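Here the structure is laid out as structure tokens; the discussion comes afterwards.
Each residue takes its place number in the sequence, starting with 1. Since we're looking at a predicted model, the values are computed, not measured.
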Amino acid sequence: MDLIYFEQWVLKEYNIDLSAYKSNQLHRRILSLMSRVEVNSVEEYIRLLKKDPVQKQKFLDFITINVTEFFRNPDIFDELSKIIKSELPFNSGLKIWSAACSIGSEPYSLAMIMDNLNSRANHKIIATDIDSTILERAKIGEYGISEIKNIPKQFLAKYFEACGDKYIINPKIKKLVEFKKHDLILDNYESNFDLIVCRNVVIYFNQDVKDKIYSKMSNSLKKGGLLFVGATESIYNYKEYGFEKASTFIYKKI
């Protein structure tokens, strides 16, 4: 029994398509997980995941790459804010999608930006992730000191309440964000977005899957809508998806 069988088992058991990931990276991650729990075979690891809910969740968290932070690459977020002001009708309310949102840092960052640009506009931010457990944590909106390090001081004072060693996000900001479970590879995409933010995710996928994701995201954007990607994810063939460059990591649908 090999790792290909394990991929098939994960698809059937958890509805996660591991074949979309770059195989060498993925297999290293799986073998690392197996080594941590001291199992020597795929069969043994499957038995462990079936009977141990803690190890099952550790596997899901590890494999779905829940790495995030508020205003990741702050200078690029500053650029995004400027482009939103110049390119999008932010006074009339925008429809925004934060894909693979993890613990909520990114959609809440977007919510703070939008509220700061126009607190009276009726913005809608949809935040999605494949991991149900991480989405439940995101909905709570509580963060530790290490997790709020990039938040500008004025935003921290305006949008958070300190409670012991936790920072709790303002209910007004929470209300701007709707969290949903969604699989970028297997599920359908909503439409009519003004802005899609998908950062530091597709880098783990193979090229065929990247092509499908970017094509579907282009179809989900309004004409003139923006796609914001991660700092290591420049789209070199962006014209094939109907984009032009608005900035280094921001693309505009034409």
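Side-chain contact of Tyr241 with Asn237: a donor-acceptor pair under 3.5 Å is present, judged by distance alone.
Asp75 CG: more than 12 foreign heavy atoms inside a 6.0 Å radius. Other residues, nucleotides and ligands place no more than 12 heavy atoms under 6.0 Å from the CD atom of Glu38. For Lys216, the NZ atom counts as densely surrounded, since its 6.0 Å shell holds more than 12 non-hydrogen atoms of other residues, nucleotides or ligands.
In terms of modelled atom types and a separation under 3.5 Å, the side chain of Glu233 and the main chain of Ile203 share a donor-acceptor contact. The backbone N or O of Ser218 lies less than 3.5 Å from a partner atom in the side chain of Lys253, making a donor-acceptor pair. No donor-acceptor pair under 3.5 Å is formed between the side chain of Lys95 and the backbone N or O of Leu221. Not one N or O on the side chain of Glu244 forms a donor-acceptor pair closer than 3.5 Å with the backbone of Ile254. Here the side chain of Asp52 pairs no donor or acceptor atom with the backbone of Leu48 at under 3.5 angstrom.
The residues Lys124 and Glu190 are annotated as not salt-bridged, no charged nitrogen and carboxylate oxygen being separated by less than 4.0 angstrom. A salt bridge links Lys139 to Glu136: one of the charged nitrogens lies within less than 4.0 Å of a carboxylate oxygen.
Taking the ring centroids of Tyr238 and Tyr214, they lie at or beyond the 6.0 Å cut-off.
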Would you give me the side-chain donor-acceptor pairs under 3.5 Å for residues 6-14, sequence neighbours excluded?
unit_1, atom_1, unit_2, atom_2, d
Glu7, OE2, His27, NE2, 3.0

Donor-acceptor pairs under 3.5 Å, side chain of residues 149-167 to any protein atom, not counting sequence neighbours: which ones?
unit_1, atom_1, unit_2, atom_2, d
Asn150, ND2, Glu69, OE2, 2.7
Asn150, ND2, Phe70, O, 3.4
Tyr159, OH, Asp115, OD2, 2.6

Exercise for the section: Using the side-chain contact (heavy atoms from CB on, under 4.5 Å) rule, take Tyr189 and His182 through it: C-alpha gap first, then chi angles, then the decisive distance, then the call. Expected result: CA-CA 9 Å; Tyr189 292 14; His182 182 269; 3.6 Å; yes
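With sequence neighbours excluded, the residues satisfying side-chain contact (heavy atoms from CB on, under 4.5 Å) with Ala121 are Asn118, His123.
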